[in-house]
Amino acid sequence: MKWKLTISTYDPKVKRIRPLSPNIQIYRPQLTSVLSIANRITGVILSVFAVLLVMSLTAAAAGPNNYLYITALTSSWVGQAMMFAFTLSFFVHLCGGIRHLLWDAGYGFELRTIYASGWAVVFSSIVLTTIAWIASGIVGR
Amino acid sequence: MKPKLNSRLPIVRAHGLGSARHGVEHWWAQRVTAVTLVPLTIWFTASIITLSSSDHSTMIRWLETPFCSISMVLLLIALFYHAALGLEVVIEDYVHSGAKIPLLVAMRMTCFALATTGIFATLIVALSD
């Protein structure tokens, strides 16, 4: 059993290794390609947090003693770092997703617009994450 | 006369394998769940910010209100549907071994099980005294 995250794949029909495009070893990262893979990575990260959401709901339904494990986790340094990863991933995926939906509706295909919307995703996700943490700090006080 | 299996036209085989239209359905469902998740996830993230560092009773009092319970159930449905569609493409793109199909089935089952568990827990909180 082989897990392949590589640049080539085995073609059983011709019995040899075929290259896959893009060849990531010689591929210079651009804003467009970085945001493309970022949307996918943040999607996978958010799927992991969806599991934590179900665990929290189950703990809440089970009772106060079980829920203590959740509050202990979220109040710890590890938990806070995880919550930061969640908020950043969420806003990157949200903004990137809205950008994708605008493309699907037929808007923003000019190269200048693609880069402008790309930088908008980067800045708005940083700003929104910062706002979320400032708001959380004010509420938590 | 019975037609032989290999005498089928390629288009008939394509329909039988489900390749035709399936991609459109996947694409469309991913977009519909994405649009649905925009308000639901913003509500959820805003809620956990206001609920941060709160205890069990505060959390229960928040979740048991009809608006929150219904929103949470809708969130769980849309979230795990969207996650299953996204993870499906990720597995299809990166796993080229025999593990691909079992992994796809396991991922789907896990998403279904988690959504059901989350909805069940939400209903327990919402419907208990």
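Just so it is clear: chains get the letters A, B, ... in the order the sequence lines come, proteins before strands, and each one is counted from 1.
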A/Y115 atom OH, over 12 foreign heavy atoms within 6.0 Å: yes
Nearest heavy-atom neighbours spanning B/I42 and A/F90: N-CZ, 4.0 Å
Interatomic spacing from OG1 in B/T41 to NE2 in A/H93 - rounded to 0.5 Å: 9.0 Å
Nearest-0.5 Å distance that lies between atom CG in A/L53 and atom CE in B/M72: 5.5 Å
In one Ile/Leu/Val/Met/Phe/Trp/Tyr side-chain cluster, 4.5 Å: A/I114, A/V121: no
Connected via hydrophobic side-chain network under 4.5 Å: B/I70 and B/V73: yes
Residues from residues 74-84 of chain B approaching chain A under 4.5 Å (heavy atoms): B/L75, B/L76, B/L79, B/F80, B/H82, B/A83
Minimum-distance pair of heavy atoms, taken over all atoms of A/V139 and B/T50: CG1-O, 3.2 Å
Spacing of OG1 belonging to B/T45 relative to CZ belonging to A/F91, to within rounding of 0.5 Å: 5.5 Å
Which atoms of A/M83 approach chain B - backbone, side chain, both or neither, heavy atom under 4.5 Å: side chain
Closest contact, heavy atoms only, B/H56 versus A/G63: NE2-C, 3.5 Å
Heavy-atom side-chain contact between A/W133 and B/I49 under 4.5 Å: no
Heavy-atom side-chain contact between B/L114 and A/V51 under 4.5 Å: yes
Transitive ILVMFWY side-chain link A/L88 to A/L52, under 4.5 Å: yes
Validation row: A/D104, B/W27 side chains within 4.5 angstrom (heavy atoms): yes
Under 4.5 Å from any heavy atom of chain A - which part of B/S54: backbone
Flag if over 12 foreign heavy atoms under 6.0 Å of CE, A/M55: no
Side chain proximity check, A/T71 to B/M59, heavy atoms < 4.5 angstrom: no
B/W28 atom CH2, neighbour heavy-atom count above 12 within 6.0 Å: no
B/L85 reachable from A/L94 in the ILVMFWY side-chain graph, under 4.5 Å edges: no
Atom CZ of B/F120: over 12 foreign heavy atoms under 6.0 Å: no
Rounded distance [0.5 Å steps], CG in A/L57 versus CG in B/L63: 6.0 Å
Euclidean distance, A/R40 CZ relative to B/L87 CG, rounded to 0.5 Å: 10.0 Å
Cluster link A/Y107 to A/L101, ILVMFWY, side chain under 4.5 Å: no
Taking every non-hydrogen atom, the tightest pair across B/G118 and A/V54: N-CG1, 3.8 Å
Partner chain B: residue of A/S56, A/A59, A/A62, A/A132 with the largest heavy-atom pair count (under 4.5 Å): A/A132
